[in-house]
Structures are given as structure tokens and as C-alpha cells.
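What you see below is based on every heavy atom in this structure, not just the backbone, and it leaves out hydrogens, waters and symmetry mates. Just follow the structure's listing: the first ligand is 1, and inside any ligand the first atom is 1.
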Amino acid sequence: MSEQKITIKDGKLQVPNNPVVPFIEGDGTGVDIWPAAKRVLDAAVEKAYNGERKIEWKEVLAGEKAFNETGNWLPGETLDAFREYLVGIKGPLTTPVGGGIRSLNVALRQELDLYSCVRPVRWFEGVPSPVKRPELCDMVIFRENTEDIYAGIEYMHGSEEAIKVKKFLQEEMGVTKIRFPETSSIGIKPVSKEGTERLVRASIEYAIQYKKPSVTLVHKGNIMKFTEGAFKKWGYELAEREYAEQVFTWAQYDRIADQDGKAAADLAQKEAEQAGKIIVKDSIADAFLQQILLRPAEYSVIATLNLNGDYVSDALAAIVGGIGIAPGANINYQTGNAIFEATHGTAPKYAGQDKVNPGSVILSGALMLEYMGWTEASELIYKGIEGSISKKRVTYDFERLMEGATLLKCSEFGEEIVTNM
Ligand SMILES: NC(=O)C1=CN([C@@H]2O[C@H](COP(=O)(O)OP(=O)(O)OC[C@H]3O[C@@H](n4cnc5c(N)ncnc54)[C@H](OP(=O)(O)O)[C@@H]3O)[C@@H](O)[C@H]2O)C=CC1
Ligand SMILES: O=C(O)CCC(=O)C(=O)O
Ligand SMILES: [Mg+2]
């Protein structure tokens, strides 16, 4: 039988019954998590479609396994496979701190231009949480995935490049405020209008599709005025220009308040809410991190820059039970290319122990099935996870916080999910 590929036509994914889906096993705990995740995904598809549909997995290499086998951390064939088959999934990949290779995770996102990092955050009943009412935390993060300081434009102090950049800044740009110029490393933060607009557009489209009440632009625009401040400005402008009928923005609120007073602005917002319009608002990143703990019910879809999105992802994951069950997707909505992956990393201290929670990659797989339109299978995965948690048969991360729970290994938790589908 010839190979079946997912394609895109007129902006819609075309998914055959036996699509080839490339996967990267991942470094560290990837060896534990991937087999458990594959078992659950295959079982869900088998059960949902009685064998009529099946994923043809195709292993592609990246990270330590790739380096050991090919001498290359991210072989060209891996990028080609993700381009060719459109939809793939990956385990975590290690990035050394301070030196060595730059992040392969970031490289995959940039090379394939997967500009939206979409990370849904929801609580499953029974999951232990550090907050009193975790059910109030129901958000979806849209993290810009291709620019910001993740562009990797930085120069080590003492290097020829750092000296050159500092000389340019001081002599040609009149910069006097580098506190310790001799010993400063330098990093550059590109944030563009196009990059902001396509990310904010994706977040608003999502809010419209899933009938979400608000989109919050999270930024640090008070300090980084022309990068993060511009993200906020371009976000509001895009919302008003392209979605005038569907949204009401806080920029509109401010204009009404300036002209007609606060009561008029309050009334306009109330009317917009009653008409079912999405409220597009903004929050400064530091304040936002306390708001998600104190007033989570006021936030729904979050659109933010790359670094903020990284921090916010782990903070929100903690509220609903930790990064053991925090899924994600990296998507380009125009090309259809998408790579699904957990929010967490390689957790090296647990590697090879069959111990960690495979939930994040399993739930990333459920997101992948939804993206493919195979929702019957993804629903079985949610059912399986809910069933396992309600029976308190869980991995170490939940077991240590739950009273009367049974400790399961990574692979056993996978089997438990299958049993509860
Ligand atoms: N997308 C990717 O591939 C990512 C890769 N990384 C990379 O991973 C490496 C390690 O990063 P690090 O900062 O330690 O972050 P990790 O996310 O790997 O681990 C931090 C902690 O999170 C908890 N955790 C992680 N995974 C799981 C899991 N599956 N189940 C339960 N708990 C889990 C553990 O907490 P505890 O010990 O309390 O149980 C662990 O010690 C780095 O090289 C980093 O660059 C990081 C993030 C994303
Ligand atoms: O690439 C890495 O090593 C870290 C990435 C990360 O933390 C994330 O995507 O959330
Ligand atoms: Mg992260």
C-alpha cells in the first residue's frame, strides 16, 4: 500500500485513514514517556474507529539520539519529514545552559515557522493543586513562537562581536546607559508587526471558534516600549481593524472614557459583553502572574510574546497540577504544519526510570488528534485520564500530593488510561 500523507487544501487539512506521522522520541525522560504515549494514542484511535483508521508512526531523529547516530543534532531529514507530512509530535529535547548548541526545540519552531505555540490549561477533577479553586483556571495560551529574544541574537562579553555592537551603540547611537560596558554581554530582542499580528489573529480566531469571552494581550510594554509596548498596540489595532464586529477592546474603552467619561465606557463594554462580543484587553506581565493566582476566572485566551509565554506556561501549568499534564502545539495555520509537544523538558534526573507522568505528551497527542479532526479518539483519551485520576491511580507527581493514591509507573499510567477509555 502506498504511503498516505496529511495535506492541506484551501486552508483545510486533508487527513487520510492511515496517515504517516513523524515523531521524535526525545532526550532524557523521552525514552519513558514516548512508548506510553504511543500506546495510549494507538489504543484510542483503534477503539474510536475499530481499526478503520490508524497512524503510521515514522521515527525521525533529533537531539542526543540524532547526534549519536548521525553526528548531527537536528538532521535535515527530520525537518524535511515534518515539512512533508505536515503534522508531527515530539518528546522533549535538552538544551545546555550558557554554551553549547542552541535550543533544538526553538530551532524546529523557527525553521518550520510554527508561529503559534498553543498551550491549553485546564483542570481535571481530582488533580492535586496548590490553589483552592483550580477549576477556575481555564485558559489557552497563544505564545509567539518565532521571535523575541529566542531569535538567539546575543553576544558574549569579551567577544569581538560584543565589542563591535557596544561600540556601535555607544558611538553611533549615543547610548550611555550600559551600566558596566566592559563586562556586558549583549542580547537583541526583535518583535515585529507581522509576527505580532499573525499570533494575535490566531488567538482571536480561536476565541471566536470556541466562544471564549476574552483575549488578554500580556506584555511588559511599560518597560520595553517599542517591542512589548508595540505588541500591545499592534494587537489592539489588529483586533479593531479585522474583527470590528466580533470584539470590543480596552483601547476602545479608553477612547470612550476620554471623550464621554468612565460611565459611558463601562456601559459600552457591558453592551458589547451582552452582544456576545469578545473583550480584548491587556495586562502587564508581572501583574498578570499574580492575577492568574488571585483572579483566574477573569482570563480566558492569552496572547503573548515568546519569553512571557514560556514563563506563563509553567506558572499556569502548576495551578492545574503541574507540568506533568501540560500539553502544547506549535502551529502555522497557513501551511498547516504543526508539531505537538509537552510544556515540560527532559527532566534528566528521572530519565530511564519509567517514573514520570506521560500525561503532557499524551494530552499533546489528544490535541494532535483534534487538529486532525479525529475528535472521537481524543475524547477517549480525556475519558481515560479522568478515569485514572478519579481512581487515584497516578504517577509520582500526583501521588505525592494525593491522599490514598496508588503510585503507578509511567508505563502503568499509560495502561491505566487505556483501561479507563
Ligand atoms: N520543549 C522542550 O523540549 C523543552 C525542553 N526543556 C529542556 O529540558 C531540560 C531540563 O529542563 P528543566 O528546567 O529541568 O525542566 P523540566 O521541565 O525538564 O523539569 C523540571 C521539573 O518539572 C517536573 N517534571 C518535568 N517533566 C515531568 C513529567 N513528565 N512528569 C512529572 N513531572 C515532571 C519535575 O519536577 P519534580 O522534580 O519536582 O518532580 C522536574 O524536575 C533543559 O535542557 C531544558 O532546556 C525544557 C522545557 C521544554
Ligand atoms: O528549548 C528549550 O530547551 C526550552 C523550551 C521551553 O522551555 C519551552 O518551550 O517551554
Ligand atoms: Mg518552557
* **Sub-4.0 Å protein heavy atom near atom 26 (N) of ligand 1** => yes
* Asked: Which bit of Glu341 gets closer than 4.0 Å to ligand 2, counting heavy atoms only: side chain, backbone, both or neither?
  -> neither
* Is there at least one protein heavy-atom neighbour under 4.0 Å from atom 17 (O) of ligand 1? -> yes
* Asked: Salt bridge check: are Asp32 and Lys355 linked by an N-O gap of less than 4.0 Å?
  -> no
* Subset of ligand 1 atoms that lie under 4.0 Å from at least one heavy atom of Thr94 -> 43 (O)
* Touching ligand 1 at all, Thr346? Heavy atoms, strictly under 4.0 Å? -> yes
* Taking both backbone and side-chain atoms of Arg109, is any N or O found less than 3.5 Å from an N or O belonging to ligand 2? -> yes
* Output the atom name for the N/O/S atom of Asp310 with the smallest distance to the Mg ion (ligand 3). => OD1
* Decide whether the shortest distance between a heavy atom of Thr343 and an atom of ligand 1 is less than 4.0 Å. => yes
* Asked: With a 4.0 Å cut-off, would you call Asp27 and Lys65 a salt bridge?
  -> no
* Structure fact -> Numbered in order shown, the ligand 2 atoms found under 4.0 Å of a heavy atom of Ser103 are 1 (O), 2 (C), 3 (O)
* Which of the ligand 2 atoms, numbered from 1, are nearer than 4.0 Å to a heavy atom of Asp310 -> 6 (C), 7 (O), 8 (C), 10 (O)
* Asked: Does ligand 2 have an atom that lies less than 4.0 angstrom from a heavy atom of His344?
  -> no
* To do: Would you confirm whether any non-hydrogen atom of the protein falls under 4.0 Å from atom 37 (O) of ligand 1?
  => yes
* Asked: Would you call Arg109 a ligand 1 contact, heavy-atom distance under 4.0 Å?
  -> yes
* **ligand 2 versus Arg119: contacting region, heavy-atom distance under 4.0 Å** => side chain
